[in-house]
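See structure below.
For reference, positions follow the sequence shown, starting with 1.
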Amino acid sequence: MDLNDLSSDTTSLSWNSRSSQSTHQSHLVQTNVKTGEKLRPKLFVANPQIRKLSKEMAIPSSSAYLFLLSFFILSLFLAISTAESESELELLADLRALQSESKSGVIHLDDRTIAKFLTSPKTPRPYSILIFFDATQLHDKTELHLRELRQEFALVASSFITNHNNSNTKLFFADIEFRESQSSFHLFGVNSLPHIRLVGPTAKSLKDESEQMDQGDFSRLAESMAEFVESRTKLTVGPIHRPPILSKTQMGLIVALLLISSPFIAKKIFAGETLLHDPKIWLSGAVFIYFFSVSGAMHNIIRKMPMFLVDRNDPNKLIFFYQGSGMQLGAEGFAVGFLYTIVGLLLAFVTHLLVYVKNAKAKRVAMVFAICVSFWAVQKVIFLDNWKTGYGIHGFWPSSWN
């Protein structure tokens, strides 16, 4: 065939090979026969069925890519979740180990462990921690009752663990000492003692999102702490297991002594030679019960009130009378009780002993003395009550005297 007879619009196909450093790919290049100009390369497919087949083969490759990508993302998510759960389990295991090492179940924390268990883990944490803030240098301040409150806190912790049979609960009890962990005190914003805080699983800010126990609730000691835990965590603390006053060994010794001495005691009782047969013992007991009742001694025992306070402005000065109706010291209660007892003894003297005196002049002198001393004692009681509470007592005279 003569190529000159072909029209200028006729094109022919030629192969143009391009090589690379690693692979060789063949491309079909269109060239104008007349001008020799290379046209845009096109993929050579002789059969339309082959073109259709190639398009169908491209679809599975895209699906496989999406599947592999999804599988990789899911695997990464599971790996991260597994790592976080393992980290949480390790923290719980560490807390339980520290709890088991403590005799009362109270974990001792410091700045390092606060960061490990509270600030570093992500929220929500798988546990809650009830923290007692302590300062050993203030244990001698009897008005703070830190030593006693720390013992009551340990009592709540041990009772909670005992009532739950050492099960894997997610509430832990801990304490922090001021000298060891001043930065933690600052982190919680604690500037006064006594202080108890509950750090829940979702608390991010230890100062703003942790819950503080009200200062007024410390009066009921362990019972009020248990109520605070139950109201905030929805967990049941259970009964408080207080240690017995006497141990089993002491009780055994007392019983043994009673059994040994019982024959001798019985002999004294039948002979009427015991202290219970002495009227002076009964008289002394009656006076003691009267003084115990009017001096507020039962209030001091229940409230654990100190006998006196140390003046904050002058540490060498002691305060025996506290001005204000919110608190009564033991010394002021005993002082008022002593004044009441004087009046009671004088009244008993006048009604039971003075009547046997034959001399009328002596009777009058004794009566005047008893009246004056009683008036002075009652006046002192009224004065102290007015100074302490601000309330006054006014006498009501007959209207005809005005």
Side-chain angles (χ1 to χ4, degrees), residues 95-108 129-134 136 138-169 171-175 177 193-194 196 198 213 216-231 233 235-266 269 274-276 281 285 288-289 291-293 295-307 330 333-334:
L95 285 171
R96 293 190 182 106
L98 293 173
Q99 178 180 268
S100 62
E101 294 174 359
S102 174
K103 183 178 180 180
S104 62
V106 178
I107 303 171
H108 184 68
I129 300 180
L130 185 69
I131 303 176
F132 180 86
F133 294 84
D134 195 9
T136 54
L138 297 179
H139 281 188
D140 57 342
K141 303 291 184 180
T142 55
E143 66 273 16
L144 296 179
H145 305 287
L146 284 179
R147 192 190 304 273
E148 179 189 1
L149 291 174
R150 176 60 179 79
Q151 295 174 353
E152 294 290 314
F153 184 81
L155 193 61
V156 176
S158 60
S159 300
F160 178 82
I161 297 172
T162 302
N163 294 333
H164 290 80
N165 298 321
N166 293 320
S167 59
N168 294 331
T169 56
L171 174 64
F172 298 93
F173 295 80
D175 65 350
E177 210 284 320
L193 295 177
I196 293 178
L198 176 66
M213 182 176 173
D217 294 336
F218 288 110
S219 59
R220 296 181 56 239
L221 305 176
E223 285 73 14
S224 59
M225 297 179 191
E227 291 179 0
F228 173 74
V229 171
E230 291 176 349
S231 63
T233 63
L235 296 174
T236 302
V237 176
I240 304 299
H241 301 283
R242 295 186 179 276
I245 299 176
L246 298 175
S247 64
K248 294 182 179 180
T249 303
Q250 293 172 334
M251 288 294 296
L253 291 175
I254 293 175
V255 171
L257 290 174
L258 289 176
L259 291 176
I260 295 172
S261 60
S262 58
F264 304 97
I265 295 175
I269 291 175
T274 64
L275 294 176
L276 297 177
I281 298 298
F288 172 76
I289 292 175
F291 175 79
F292 187 86
S293 301
S295 64
M298 185 60 68
H299 170 272
N300 297 336
I301 295 173
I302 295 175
R303 299 290 182 177
K304 308 291 184 181
M305 299 305 299
M307 290 296 295
F334 287 154

Residues Arg150, His139; criterion side-chain contact (heavy atoms from CB on, under 4.5 Å); working and verdict: CA-CA 10 Å; Arg150 176 60 179 79; His139 281 188; 5.6 Å; no
To the nearest 0.5 Å, how far apart are [atom1] in [X] and [atom2] in [Y]?
| X | Y | atom1 | atom2 | answer |
| --- | --- | --- | --- | --- |
| Ile131 | Asp134 | CD1 | CG | 13.0 Å |
| Phe173 | Ser102 | CZ | OG | 11.5 Å |
| Leu155 | Phe160 | CG | CZ | 14.0 Å |
| Met213 | Leu198 | CE | CG | 11.5 Å |
| Leu149 | Phe133 | CG | CZ | 14.5 Å |

Does atom [atom1] of [X] have more than 12 heavy-atom neighbours, drawn from other residues, nucleotides or ligands, at distances under 6.0 Å?
| X | atom1 | answer |
| --- | --- | --- |
| Ile245 | CD1 | no |
| Leu275 | CG | no |
| Met251 | CE | no |

Looking at every heavy atom in both [X] and [Y], which two are closest together, and how far apart are they?
| X | Y | result |
| --- | --- | --- |
| Asn300 | Gly330 | ND2-CA, 3.5 Å |
| Met225 | Val156 | CB-CG2, 4.0 Å |
| Ile240 | Ala222 | CG2-CB, 4.2 Å |

- prompt: Is there a donor in the side chain of Thr236 and an acceptor in the side chain of Glu230, or the other way round, less than 3.5 Å apart?
  reply: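 No, Glu230 and Thr236 have no side-chain donor paired with an acceptor closer than 3.5 Å.
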- prompt: Do Ile161 and Gln99 have side chains that get closer than 4.5 Å, going by heavy atoms?
  reply: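 The answer is yes; the side chains approach within 4.5 Å.
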task: Could you tell me whether the side chain of Ser159 and the main chain of His241 form a donor-acceptor pair under 3.5 Å?
output: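 Side chain of Ser159 to backbone of His241, a donor-acceptor pair under 3.5 Å: yes, one is there.
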query: Salt bridge check: are Glu152 and Arg242 linked by an N-O gap of less than 4.0 Å?
result: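 A salt bridge is present here (some side-chain N lies under 4.0 Å from a carboxylate O).
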query: After noting the C-alpha distance and the side-chain angles of Val106 and Phe132, does the key distance pass the side-chain contact (heavy atoms from CB on, under 4.5 Å) rule?
result: CA-CA 9 Å; Val106 178; Phe132 180 86; over 6 Å; no
- request: Quick one: do Phe172 and Leu98 satisfy side-chain contact (heavy atoms from CB on, under 4.5 Å)? Show the steps, please.
  value: CA-CA 10 Å; Phe172 298 93; Leu98 293 173; over 6 Å; no
